[in-house]
Peer 1: 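Can you read through this structure? Questions will come right after.
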There are 2 protein chains.
Amino acid sequence: MLTERQLYILKAIVDDYITNAEPVGSRTIAKREDMHFSPATIRNEMSDLEELGFLEKPHSSAGRIPSQKGYRYYVDHLLPPAELSNSDVHDIRSQMTARFHESEQLIQQSAKILSQLTSYTSIVLGPEVFESKLSQLQLIPVSGDQAVLIIVTDAGHVENQTVHFPDEISSSDVEKVVNILNERLRGVPMFQLQHKLSREVSDVLKQHVTKYETMMTALKDVLADHQQEKVYYGGKTNMLNQPEFHDVERVRSLLNIFEEDALVSKLIRSEDQGLTIKIGSENEFKPFDELTIVTATYMLDGKYAGTIGLLGPVRMEYPRVISLMDYFSKDMTRLLDRDRH
Amino acid sequence: MLTERQLYILKAIVDDYITNAEPVGSRTIAKREDMHFSPATIRNEMSDLEELGFLEKPHSSAGRIPSQKGYRYYVDHLLPPAELSNSDVHDIRSQMTARFHESEQLIQQSAKILSQLTSYTSIVLGPEVFESKLSQLQLIPVSGDQAVLIIVTDAGHVENQTVHFPDEISSSDVEKVVNILNERLRGVPMFQLQHKLSREVSDVLKQHVTKYETMMTALKDVLADHQQEKVYYGGKTNMLNQPEFHDVERVRSLLNIFEEDALVSKLIRSEDQGLTIKIGSENEFKPFDELTIVTATYMLDGKYAGTIGLLGPVRMEYPRVISLMDYFSKDMTRLLDRDRH
DNA sequence: GTTAGCACTCTGTCGTTACGAGTGCTAAAT
DNA sequence: ATTTAGCACTCGTAACGACAGAGTGCTAAC
């Protein structure tokens with residue numbers, strides 16, 4: 001068990017390192033007004049804290065930096081319960097007043113502000129495609145063998161894709177198909193569409209439509225493509241501000257990951273309500289073992305809608321970030337609800 | 001006027017610098033099999049070429065590197081008329097065989113291959129939204145005051161946006177509006193939609209529909225948002241491979257520009273047919289004054305459809321790049337045509 | 001006109017030194 | 001039993017000079 005004084009010193013070191021990004025020496029800590037011990041005493045405590053695994057030394061004659069365990073402890077037990085600063089609240093308010101046409105805009109704007117305010121990178125997973133339901137299908141002919149299939153979900157989200165019909169198909173058949181599909185599939189969750197299509201609807205179609213096979217394969221192809229959710233970014237290059245990213249190799253590996261939405265989504269996703277903080281190698285992916293990822297969720301109609309995430313150096317401004325994430329998580333939920341009704 | 005020998009030496013220097021990225025000395029050139037002069041002679045010629053502005057020295061005792069004028073001359077007069085190598089052709093073929101559902105996929109794939117093959121960054125401007133015409137409008141209600149407006153162009157491209165109707169509007173009115181819009185606006189070029197809407201269609205609408213004003217402002221808002229073209233990237237982080245980009249500041253300024261599609265599009269766009277090569281400060285934007293941008297266009301139905309661009313260091317593999325760009329420019333035109341008919 | 005030879009210039013690297021920040025230990029002070 | 005002052009020791013870094021290597025430019029010979 002750590003003594004009161006050890007906690008105090010640990011907190012001071014983490015705080016200092018977070019703002020200065022440089023190993024913290026005993027003298028630096030001793031100079032703080034609220035610290036009434038000599039450097040020597042602090043050195044002894046530091047030595048103990050190191051032995052316990054909360055601190056480490058880059059080299060023998062340098063100051064201490066927090067270890068991963070140190071950050072974890074700081075986050076779990078030492079965090080000052082920060083309120084969002086007035087200027088932050090003001091900044092957010094002034095940029096979030098606009099009414100958004102689409103939830104997409106709201107999300108994009110949130111990602112942007114979050115990254116601007118923190119100088120970290122924000123990642124927001126869009127309202128869950130998996131959770132939303134089909135509202136309407138439309139098949140609009142474009143040219144001879146092409147048509148555009150448009151899928152509208154109950155969340156107002158639109159997906160579209162061009163469909164090729166290798167053989168000529170009569171427009172009355174197309175109309176029939178669309179009608180049947182709409183009748184049978186409305187209200188079906190997106191992720192079940194493909195399944196339902198082949199199981200339940202296929203028989204009906206067979207009876208009403210010639211060229212049934214052609215049509216089915218085309219439709220199935222299209223649906224298969226639309227099972228992934230959207231990922232929005234803010235401040236992709238903000239990482240470059242951090243001293244720990246002055247190495248080009250690291251920059252590349254990180255930026256390359258950002259190009260793979262599916263990976264990022266897997267990484268960020270977390271349906272646990274409330275805040276999640278993953279420090280360094282607590283993240284599953286190697287390239288992130290020097291980063292902290294903070295996630296929170298937002299809701300729609302009382303159900304999980306998506307995740308907001310913030311990616312920064314392990315040496316992250318935790319108190320501020322946490323209050324920001326908390327705020328956004330609630331604010332996005334609120335705004336989505338308001339726009340809906 | 002340059003002598004035969006000067007041309008020969010200039011070409012040798014540019015070729016060498018392009019592959020090695022290091023100042024070229026007289027001895028290096030003299031060692032080449034096809035060069036039958038001593039280092040001393042070559043030094044004299046180099047000195048002359050420098051005076052003429054084709055070469056420059058990083059410092060007094062270093063080798064020479066091509067100046068911008070040197071590259072320009074190389075590109076204009078010294079380029080070996082390269083054929084695409086067999087392995088390149090093979091690589092492209094094997095990755096472009098798939099039939100593409102949408103022109104969007106074709107474009108994306110092209111951008112990807114182009115960047116893979118060159119290790120540079122490719123940028124492709126999508127088929128010109130401005131040039132395409134409206135094929136069909138759909139307004140699909142989602143909830144009480146919301147509907148999704150879907151715009152399909154004759155190129156099979158789909159744009160969509162959520163529309164809010166502040167006041168309650170009867171569904172029969174909505175239907176009327178959609179019918180009128182489709183009747184009057186089909187075939188109108190996208191960029192004229194807004195204009196035509198307010199000039200010609202507004203009167204007709206006024207007669208048939210109550211709550212006319214509400215509807216009009218909502219529609220105008222939506223159309224205003226969709227006047228920009230799409231930009232596709234390949235190998236955004238490829239630049240980091242180039243030695244001239246080992247400086248983090250430069251990386252950031254470049255990557256940030258990539259986030260601004262409008263800027264990039266302005267930069268790349270070029271409706272001149274054939275290849276365009278802009279070297280260094282021939283580009284209008286400061287952040288690009290150490291880059292070369294090669295552009296070419298592709299066609300659809302015999303008319304300008306879009307631009308493909310390749311962004312690399314001034315020290316670019318010009319012969320290969322040019323033959324690649326040439327190939328892609330023609331191939332994309334060909335494939336787009338094939339998919340269309 | 002071409003080339004060999006040589007003095008000169010500049011950069012990059014290596015080893016040395018000096019310095020500063022910081023530690024860990026010991027012994028004295030509280 | 002704590003706390004602290006003092007001091008030797010350890011590293012990392014910046015500064016300096018020496019030196020090698022690459023390359024030039026000029027002169028004089030071919």
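Computed from a predicted structure; not experimentally measured. Every chain is numbered from 1 and lettered A, B, ... according to where its sequence line falls, protein lines coming before strand lines.
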Peer 1: Using atom types as modelled and distance alone, determine if a side-chain donor or acceptor of A:Tyr73 lies under 3.5 Å from a backbone N or O of A:Phe54.
Peer 2: no
Peer 1: Expected output is a numbered-order residue list: members of residues 7-27 of chain B with a heavy atom under 4.0 Å from any atom of DNA chain C. What is it?
Peer 2: none
Peer 1: Between D:dT2 atom P and A:Glu4 atom CD, what is the distance in whole Å?
Peer 2: 17 Å
Peer 1: Among residues 28-50 of chain B, which residues get a heavy atom nearer than 4.0 Å to DNA chain D?
Peer 2: B:Arg43, B:Met46
Peer 1: Around atom NZ of A:Lys31, are there more than 12 heavy atoms from other residues, nucleotides or ligands closer than 6.0 Å?
Peer 2: yes
Peer 1: Under a 4.0 Å N-O cut-off, is there an ion pair linking A:Arg32 with A:Asp16?
Peer 2: no
Peer 1: May I have the distance from B:Glu51 (atom CD) to D:dG25 (atom P), rounded to whole angstrom?
Peer 2: 10 Å
Peer 1: B:Gln6 CD to C:dT2 P: how many Å, rounded?
Peer 2: 11 Å
Peer 1: Between atom NZ in A:Lys57 and atom C1' in D:dT10, what is the gap in whole Å?
Peer 2: 10 Å
Peer 1: Taking atom CD as the centre, does B:Glu244 end up with more than 12 heavy-atom neighbours from other residues, nucleotides or ligands that are less than 6.0 angstrom away?
Peer 2: yes
Peer 1: Using a cutoff of under 3.5 Å, can you pull out all pairs of nitrogen or oxygen atoms linking the protein to nucleotides 11-19 of chain D, with atom names and distances?
Peer 2:
| from | atom 1 | to | atom 2 | distance (Å) |
| --- | --- | --- | --- | --- |
| D:dC11 | O4' | A:Ser61 | OG | 3.2 |
| D:dC11 | O3' | A:His59 | ND1 | 3.3 |
| D:dC11 | O2 | A:Ser61 | OG | 3.1 |

Peer 1: Does the distance from a Lys or Arg side-chain N to an Asp or Glu carboxylate O, for B:Lys266 and B:Glu284, drop under 4.0 Å?
Peer 2: no
